[in-house]
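What follows is one structure encoded as structure tokens, with my remarks underneath.
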Amino acid sequence: MSRGATRIAPSILAADFTRLGDELAAIERAGADWVHIDVMDGHFVPNITLGPFIVEACERATQLPLDVHLMIEKPERYIEEFARAGAATVGVQVEACPHLHRSVGQIHDAGARACVVLNPGTPASAVEPVLGDIDQILVMTVNPGFGGQKFIENMVDKIATLRRWIDERGHDVALEVDGGIAVETIGRAAAAGADVFVAGTAIFGAEDYAQAIEALRHAAG
């Protein structure tokens, strides 16, 4: 299965939450493909962010698919709740799922696309046992928890390894990257094989969201 078209997923972690509905409408008009929503519990990562009620509010405010990343302990407790709230994709951290096959099955049973997420320190091999069962892999190119971090360059090799496995085995799996994605870094991630790109400050920190998204798309080649 060849790689998919480039998709840009603005992360609302960098949005103005006093104007969240307007921000969602603005990125939809600007040409975003997905909306990325980071859920953090203050335990798995050292930050606390959003819950299912925000996902539900986003689902009412935009037609874009919601790509929800659960950076939480025991995600199996909340998968169904986030799917009911409107998540098109639910991503779980390999490191938080001792029974990864079961968690992937739980996401599918809830009616969502299943994404498995790898922290920078986790090898690509951790996702290999479920490669044929999932819809998406997210490679974290920063250590999760906070926005605005610097892209970790040696994650490019991990992206390339996963792309090779996906293509060689004929799987229909999107390959997403998140962390430090900007015009200066997106090209390297794309060249390695990523086809979905999460960007926060690179979009919401720009004066013109449409120009920012188009610049990212162009830099991805």
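Hydrogens, waters and symmetry mates are skipped; everything else that's a heavy atom, side chains included, is used.
Two residues are said to be in side-chain contact when any heavy atoms from C-beta on lie closer than 4.5 Å; I203 and L216 meet this criterion. A heavy-atom distance below 4.5 Å is not found between the side chains of P120 and T141. Looking only at side-chain heavy atoms (C-beta outward), L64 and W34 stay at 4.5 Å or farther from each other. Residues L100 and V94 have side chains in contact (heavy-atom distance under 4.5 Å, counting atoms from C-beta outward). The side-chain heavy atoms of D135 and V173, taken from C-beta on, include no pair separated by under 4.5 Å. Looking at I159 and V177, their side chains come closer than 4.5 Å, going by heavy atoms from C-beta outward. By the 4.5 Å heavy-atom criterion applied to side chains, V117 and V92 are not counted as neighbours.
Checking side-chain atoms of D33 against main-chain N and O of A9 turns up no donor-acceptor pair under 3.5 Å. The main-chain N or O of A110 is never found under 3.5 Å from a side-chain atom of E80 such that the two would form a donor-acceptor pair. In this structure, T161 contributes its side chain and D157 its backbone to a donor-acceptor pair below 3.5 Å. A side-chain donor-acceptor contact under 3.5 Å links T49 to the backbone of D38. A distance-only check finds a donor-acceptor pair linking the side chain of D41 to the backbone of F44 [under 3.5 Å]. With R217 contributing its side chain and G31 its backbone, the two residues share a donor-acceptor pair below 3.5 Å.
In this structure, R163 fails the cation-pi test against W165, since its NZ or CZ atom is not both closer than 6.0 Å to the six-membered ring centre and inside 45 degrees of the ring normal.
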Derivation of the side-chain contact (heavy atoms from CB on, under 4.5 Å) call for I37 and F82: CA-CA 11 Å; I37 302 175; F82 279 100; over 6 Å; no
Would you sort out whether E153 and R188 count as a salt bridge (Lys or Arg N to Asp or Glu O under 4.0 Å), showing the intermediate values? CA-CA 9 Å; E153 293 290 343; R188 295 193 290 284; 2.7 Å; yes
Apply side-chain contact (heavy atoms from CB on, under 4.5 Å) to L162 and V139, showing your working. CA-CA 9 Å; L162 290 165; V139 176; 3.5 Å; yes
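Between C58 and I12, the shortest heavy-atom distance links the atoms SG-CD1, 3.9 Å. Across A85 and P52, no two heavy atoms sit closer than the pair CB-O, 3.5 Å. For L131 against I166, the heavy-atom pair with the smallest separation is CD1-CG1, 4.3 Å. Across all non-hydrogen atoms, the minimal contact from T185 to G180 is OG1-O, 2.7 Å. Of all heavy-atom pairs between C97 and S103, the closest is SG-OG, 3.7 Å. A219 approaches I186 most closely through the heavy-atom pair CB-CG2, 3.5 Å.
For the atom pair CG (D208) and CD1 (I213), the distance works out to 9.5 Å, reported to the nearest 0.5 Å. To the nearest 0.5 angstrom, I8 atom CD1 is 9.5 Å from E214 atom CD. Once rounded to the nearest 0.5 Å, the distance linking NE2 of H101 with CD1 of I134 reads 9.5 Å. Rounding to the nearest 0.5 angstrom, the gap separating the CD atom in E23 from the CG atom in D16 is 5.5 Å. For the atom pair NE2 of H36 and CD1 of I181, the computed distance is 11.5 Å after rounding to the nearest 0.5 Å. To the nearest 0.5 Å, the span separating CG on D178 from OG on S11 amounts to 6.0 Å.
With no hydrogens or angles considered, no side-chain donor-acceptor pair links D133 and H108 at under 3.5 Å. Side-chain contact check for E28 and Q63: no donor-acceptor pair (N or O, by modelled atom type) lies under 3.5 Å.
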Could you list the donor-acceptor pairs under 3.5 angstrom formed by side chains in residues 70-77, with sequence neighbours left out?
none

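Among the candidates R7, H69, Q136, the single residue satisfying the side chain to side chain donor-acceptor pair (under 3.5 Å) test with E176 is Q136. Applying the side chain to side chain contact (heavy atoms under 4.5 Å, CB included) test between M140 and each of N119, I152, V198, L118 identifies N119 as the sole match.
Legend: residues meeting ring pair (Phe, Tyr, Trp, His ring centres under 6.0 Å) with Y78, ordered by chain and number and at least two apart, are absent. Scored by the ring pair (Phe, Tyr, Trp, His ring centres under 6.0 Å) test, F151 finds no partners at all (sequence neighbours excluded).
Each of V104 and V196 belongs to its own hydrophobic cluster when Ile, Leu, Val, Met, Phe, Trp and Tyr are linked at side-chain heavy-atom distances under 4.5 angstrom.
A salt bridge is absent between D67 and R113; no separation between the charged side-chain nitrogens and carboxylate oxygens falls under 4.0 Å. The pair E128-R169 meets the salt-bridge criterion, since a charged nitrogen lies less than 4.0 angstrom from a carboxylate oxygen.
Atom CZ of R102 has 12 or fewer neighbouring heavy atoms from other residues, nucleotides or ligands inside a 6.0 Å radius.
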